[in-house]
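Structure record follows, encoded as structure tokens.
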Amino acid sequence: MKKNIIAMNASIMIGLGSILAAPSVYAESISDLEKQKESIQEKRSGVESNISDTEKKIDSLQDKQMTAEDQIAAIEAKIAESAKKIDAKNAEITQTKKEIEALKEEIKVLKERIAKRNEVLKERALSFQETGGDVNYLEVLFGSSSFGDLVDRVGAVATIAEADRDILKQHELDKKDLEEKQKAVETKLASLEVAKAELLEIQKQQKQQKQEKDALVKKLKQQTEKHEHEKMGLEEEKANLAAQEKAIKSAISLEHQRLAELEAARKKAAAEAKKRAEQEAAQAAAQAASQASQATETKKQSTSSGYSAKSNSSSSSSPASSNVSQAPAVSSGTFTRPSAGYVSSTMGERWNKQHAGIDIAASGTVPVVAAADGVVSRSYFSSTYGNVVFVTHSISGQQWTTVYAHLSSRQVGEGAVVAKGQQVGIMGNTGHSFGQHLHFELHKGSWNYSKSNAVNPLNYIPN
């Protein structure tokens with residue numbers, strides 16, 4: 001009898017042992033989720049640091065751009081100033097050329113004067129040759145009829161001689177004045193032309209400097225746009241990491257809730273088993289004491305009163321999706337196919353960019369389902385993805401992220417817990433899309449802007 005009671009208690013302990021063993025497994029799952037949450041927090045911190053660095057780069061580029069634009073404004077002012085100086089020089093050159101034209105008229109008059117004087121001098125020289133020079137004057141003097149006439153004649157000779165000297169002197173002055181005026185205007189014109197050439201060269205250099213600064217500003221703008229685009233991507237990655245962290249926290253909370261329910265069930269089962277054991281032990285002891293004389297009946301009663309542990313069973317089923325006839329059957333693997341249709345584009349290089357997932361195309365109203373159990377980390381409209389749903393999964397301690405893009409509509413919100421095969425949306429053509437299809441991405445880890453964690457979904461889902 002004692003042996004029967006010990007065996008019965010051992011059976012109870014074995015049953016409890018199977019129940020008590022379960023929490024350690026789930027505790028390990030929570031530990032994995034906590035590690036994933038810490039990993040996401042670290043990545044989020046890193047992304048925030050990258051955003052900060054990118055903002056500093058943008059600020060630096062904008063400062064350089066402003067400096068370059070200020071320099072361009074200064075150069076443009078200098079170019080305008082040079083243009084004014086060039087215009088002034090052109091005006092001076094025009095005026096000098098007018099003076100040269102006027103001088104040409106003066107030169108023409110002077111030349112005529114000199115030509116006339118030359119004729120007078122030639123006649124005077126011819127007269128000297130014919131008369132012997134001074135003899136002519138003596139004849140004039142000796143031919144006087146009286147002293148008064150002599151005085152008059154002497155004065156006349158002196159006047160003629162002085163006139164000859166004046167003609168020669170004026171002739172030399174006019175020639176010198178002509179040469180000086182010609183040299184002066186030619187020097188002035190040459191000087192103006194040199195000054196204009198120098199100004200044109202300065203202006204050319206200034207325009208070259210402006211072109212270089214314009215090119216620099218263009219380059220700085222391109223770099224700024226690149227970093228701003230990068231910042232937008234990092235901010236989207238930060239938002240996704242925040243959403244994934246929230247989803248992991250939700251999963252941890254659900255796991256804790258499940259553990260609490262399991263622990264309550266375990267305690268209840270243990271209490272009920274203990275109570276039954278005590279009742280059966282008391283009943284067996286009573287029967288042993290009252291029916292000691294009836295050994296055969298006691299043995300029969302002992303056998304019939306043996307404890308048979310009953311274990312609680314639970315079953316789960318995936319929620320039915322709408323339009324089940326159009327959705328693919330849920331597969332038994334880790335991931336199931338997210339929608340019906342044919343693969344229109346695979347993962348890899350496309351249009352000089354990395355296509356980080358696959359495209360599944362089909363016509364009509366096509367439901368899109370979750371590829372595995374998980375928590376919706378993001379559900380929003382993106383300029384590129386269109387209507388998109390991100391689902392975070394924790395499978396055997398590994399975090400996964402699935403992306404369902406270009407949906408015509410979304411049927412789950414952030415924080416929703418979804419089951420494998422549960423509908424999350426309808427295939428569509430929203431965002432940067434050409435024709436109705438589902439863009440599906442699978443990331444081993446968290447989603448990031450560079451999509452470095454992306455893996456080929458065709459290696460994980462049924463074809």
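No experiment lies behind these values; they were computed from the predicted model shown. Along the sequence shown, the residues carry numbers beginning at 1. Values reported hereafter were calculated over all heavy atoms of this structure, with side chains retained and with hydrogens, waters and symmetry mates removed.
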### Working for side chain to side chain contact (heavy atoms under 4.5 Å, CB included), residues E414 and S377
CA-CA 5 Å; E414 294 182 6; S377 54; over 6 Å; no
To the closest 0.5 Å, what do you measure between [atom1] ([X]) and [atom2] ([Y])?
X	Y	atom1	atom2	answer
D63	K56	CG	NZ	13.5 Å
F390	R378	CZ	CZ	7.0 Å
D87	E92	CG	CD	11.5 Å
L200	K207	CG	NZ	8.5 Å
I79	K84	CD1	NZ	13.5 Å
L216	T67	CG	OG1	9.5 Å

Contact between [X] and [Y] at the side-chain level, heavy atoms closer than 4.5 Å - yes or no?
X	Y	answer
E349	K353	no
Q223	L220	yes
V388	F381	no
I360	P338	yes
Q62	T224	yes
H443	V403	yes
S82	Q206	yes
V376	V389	yes

Residues forming a side-chain hydrogen bond (donor to acceptor under 3.5 Å, both in side chains) with [X], sequence neighbours excluded:
X	result
N90	K196
T384	S382
Q203	none

### Message
Go through it in stages, so that I can follow the logic: the residues are V455 and Y460, the test is side chain to side chain contact (heavy atoms under 4.5 Å, CB included), and I'd like the CA-CA distance, side-chain angles, deciding distance and then a yes or no.
### Response
CA-CA 9 Å; V455 294; Y460 296 87; 3.7 Å; yes
Between the side chain of [X] and the main-chain N/O of [Y], is any donor-acceptor distance below 3.5 Å?
X	Y	answer
D373	K420	yes
T187	K183	yes
T96	L189	no
S331	F335	yes
T401	G445	yes
Q422	A419	yes
S394	Q399	no
Q436	G364	yes
D359	S345	no
R337	S339	yes

Quick one: closest heavy-atom pair of [X] and [Y], and the distance?
X	Y	answer
V366	S363	CG2-O, 3.4 Å
N387	S408	ND2-O, 3.4 Å
A340	P328	N-CD, 3.5 Å
A327	V369	CB-CG1, 4.5 Å
A362	G341	CB-CA, 3.8 Å

With sequence neighbours excluded, residues passing salt bridge (Lys or Arg N to Asp or Glu O under 4.0 Å) with [X]:
X	value
K451	E441
E225	none
K219	none
E55	K231

### Message
Taking side-chain contact (heavy atoms from CB on, under 4.5 Å) as the criterion, tell me which of I358, L442, T336, T334 meets it with I461.
### Response
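In the set I358, L442, T336, T334, the residue that makes a side-chain contact (heavy atoms from CB on, under 4.5 Å) with I461 is I358.
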### Query
Looking at K210, E212, K218, which hits side-chain contact (heavy atoms from CB on, under 4.5 Å) with D214?
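It is K210, the one option of K210, E212, K218 that forms the side-chain contact (heavy atoms from CB on, under 4.5 Å) with D214.
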Return the set of residues passing ring pair (Phe, Tyr, Trp, His ring centres under 6.0 Å) with [X] (not counting sequence neighbours), or none when no residue passes.
X	answer
H437	H406
Y449	none
H229	none
H355	H439

### Query
Can you check side chain to side chain contact (heavy atoms under 4.5 Å, CB included) on T54 and L234, steps first, answer last?
CA-CA 9 Å; T54 304; L234 289 170; 3.6 Å; yes
### Query
Any chance the side chains of T402 and Y404 put a donor and an acceptor closer than 3.5 Å?
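Judged by distance alone, the side chains do pair up.
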### Query
Restricting to pairs with a member in residues 68-79, which pass side-chain hydrogen bond (donor to acceptor under 3.5 Å, both in side chains), not counting sequence neighbours?
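Output for this query lists Q65-E69, Q71-K213.
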### Task
For I51 and K238, run side chain to side chain contact (heavy atoms under 4.5 Å, CB included): C-alpha distance rounded to whole Å, both residues' side-chain angles, the deciding distance at 0.1 Å, then the answer.
CA-CA 9 Å; I51 289 174; K238 177 185 173 183; 4.0 Å; yes
### Query
With a 4.0 Å cut-off, would you call K226 and E230 a salt bridge?
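Salt bridge: no.
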